[in-house]
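What follows is one structure encoded as structure tokens, with my remarks underneath.
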Amino acid sequence: MVRRVDARPTIAPPRTLSRAGRGLHRFANPGRFLRLSGALLPWIAAPGLALTAAGLVWGLFFAPADWQQGDAVRIMYVHVPAAWLASAGYLALAGCSAASLVWRHPLADLAAAEISPVGAGFTAMCLITGSLWGKPMWGAWWVWDARLTSVLVLFFLYLGHIALVRAFDEPERGYRAGAILALVGVVNLPIIKFSVDWWNTLHQPDSITLFGAPTMSLVMLWPLLLSALGYTLVFAALVLARTRAAVMERRIRALLTARARHLEILG
Amino acid sequence: MKLFIALLARELRLSLRHLGDTLGALLFFLVAGALFPLAIGPSPETLGRLAPGIVWVCALLAALLPLDRLFGADYEDGSLDQLLLCGLPAAAIALGKALAHWLATGLPLLLAAGPLGIMLRLTPEALPALLGGLLAGTLVLSLLGTAGAAIVLGARRGGVLLPLLVLPLAVPVLIFGAAATDAAAAGLSPRPHLLLLCALLAGALPLCPIAAGAALRGAAE
């Protein structure tokens, strides 16, 4: 058997990196991200707004009232998608944090810092609409059951992340501390999801599951799914726009610093 | 292991020399607990009903007090960098710090919790559940607090930020700890709540030092 000599230079990029990994890393380049997101943003924002508006109009005006809850059930079309997005947003925050800790992509840092205010906003909307719904149905603005408490903890985790990321003089330290905090807080997500199954809560259990028939009428399900899709796109559009702004802000700061240094050398 | 014991001994020697920190947390615990009978009235039924929650909340807040000095002094005078270079993994250093915090703060709180509970008219049958719950609970709090202290290390207003980060994460400890004492006071078995507390401890014991270690390495860069 002839031993073949490998002619490739030894400093070639490691071949062990999987194709999928390389494919994803391509998008971590800020310049490519700016071009791509700039082209995508209108196509996400416009359908997002249109779907949200359609779902809400359908749900608030045309869907039937509940036989038991009456018109109060219409709060669902605002409340349930906000609750889904609150959890999904935290999952995205944790994903960005893991990417920033493992690969140190600056873009993941910026995205994580921009996801948490948007997620906190959706969580606040979920809590406020839930409170408005609870008053006519349960007779109380707030009850301390497991679902409500765990979502409140999620809200505090978001606020803690916002405060922590911005509390350091060097931004990189803040991103790193925030990433660790976000990953620690992930334990709360399964608690939120399963709180209605593990404990006997006043909050109802899930009506819609991944496998298995939904326990709600289709005439209510369609507007709900429509507004959920719309909310998701709006969430993505907000995060994209904020991340773009953060990238540009960072570039401007770098340019200003470079100019100041240049002037210093000249003067 | 030898290094770990040396680290623990160093931390304990330091907390012995700064006995005021431990005493401060302990006094805060007792004084805050003693405020409740004055605020809500001395009637035994009300007090006895509220006692488990009061003791737990005061223990939670008192355990937070010494946390901002846990890494602060070492960070400022550079000994944190030396600790990270001594050969122990950063997670082991965090675990040592958490154990030292528990021995210096959690254990005295545990000793003071019994008298405070009796002063708050807790039924004597509930005392073993209170102490057993606090034993596991203060350990989890020390671990969580160490992770929080490592994360806010070097932040502006870190002392204000620390409770904001740690308290939401400590909510399950508070719920199950107070529920165990409540169950025992009502004549039920506190066992399921105590087992859940131990499960929290079993989860926090490996995870919190890892998170704290990652944060320490970030702070020392």
Side-chain angles (χ1 to χ4, degrees), chain A residues 90 94 97-98 100-102 104 109 112-113 116 120 123 127 144-192 194-195 198-201, chain B residues 53 68 71 75 90-91 94 140 143-176 178-179 192-193 196 199-221:
Chain A
Y90 198 87
S97 301
S100 108
L101 282 183
V102 174
R104 302 288 175 92
D109 290 333
S116 51
T123 315
L127 287 171
W144 289 98
D145 85 359
R147 176 56 73 84
L148 277 72
T149 309
S150 52
V151 175
L152 188 66
V153 169
L154 179 74
F155 186 54
F156 288 147
L157 284 175
Y158 270 129
L159 294 186
H161 186 265
I162 295 172
L164 181 66
V165 167
R166 288 152 181 81
F168 287 85
D169 291 326
E170 306 157 53
E172 275 70 32
R173 297 267 323 271
Y175 295 140
R176 181 147 188 191
I180 296 171
L181 176 74
L183 287 181
V184 170
V186 167
V187 290
N188 191 31
L189 280 186
I191 297 180
I192 293 178
F194 296 110
S195 56
W198 291 344
W199 287 283
N200 191 5
T201 53
Chain B
D68 62 332
F71 295 111
Y75 178 66
V140 182
L143 288 163
L144 276 177
T146 308
I151 286 174
V152 300
L153 198 55
R156 295 185 304 267
R157 306 179 308 273
V160 186
L161 214 52
L162 183 60
L164 293 182
L165 303 184
V166 173
L167 287 177
L169 292 171
V171 162
V173 183
L174 181 67
I175 290 175
F176 294 122
H193 304 293
L196 277 168
L200 289 178
L201 177 60
L205 196 57
L207 293 180
C208 287
I210 292 176
L216 281 185
R217 254 184 275 119
E221 259 173 18

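Chain naming here is simple, since letters A, B, ... match the order of the sequence lines and numbering starts at 1 in each. Computed from a predicted structure; not experimentally measured.
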- Grab the two heavy atoms, one from B:Arg156 and one from A:Arg166, that are nearest each other, plus how far apart they are. NH2-O, 2.9 Å
- So which part of A:Asp169 gets closer than 4.5 Å to some heavy atom of chain B, the side chain, the backbone, both or neither? both
- Task: Among A:Ile191, A:Val187, A:Leu183, A:Leu181, single out the residue with the greatest number of heavy-atom pairs under 4.5 Å to chain B.
- Result: A:Leu181
- Message: I'd like to verify something: which residue of B:Ile210, B:Leu153, B:Leu207, B:Leu167 has the highest number of heavy-atom pairs under 4.5 Å with chain A?
- Response: B:Leu153
- Item | Closest non-hydrogen atom pair, B:Leu169 against A:Gly185 | CD2-CA, 4.4 Å
- Item | Contacting region of B:Leu161 [heavy-atom separation from chain A under 4.5 Å] | side chain
- How far apart are the closest heavy atoms of B:Ala211 and A:Val184, and which atoms are they? CB-CG2, 3.7 Å
- Task: With a 4.5 angstrom heavy-atom cut-off, could you sort out which part of B:Ala212 is near chain A: side chain, backbone, both or neither?
- Result: neither
- To the nearest 0.5 Å, what is the distance between CG (A:Leu157) and CG (B:Leu164)? 11.0 Å
- What are the two closest non-hydrogen atoms of A:Arg173 and B:Gly154, and how far apart are they? NH2-CA, 4.0 Å
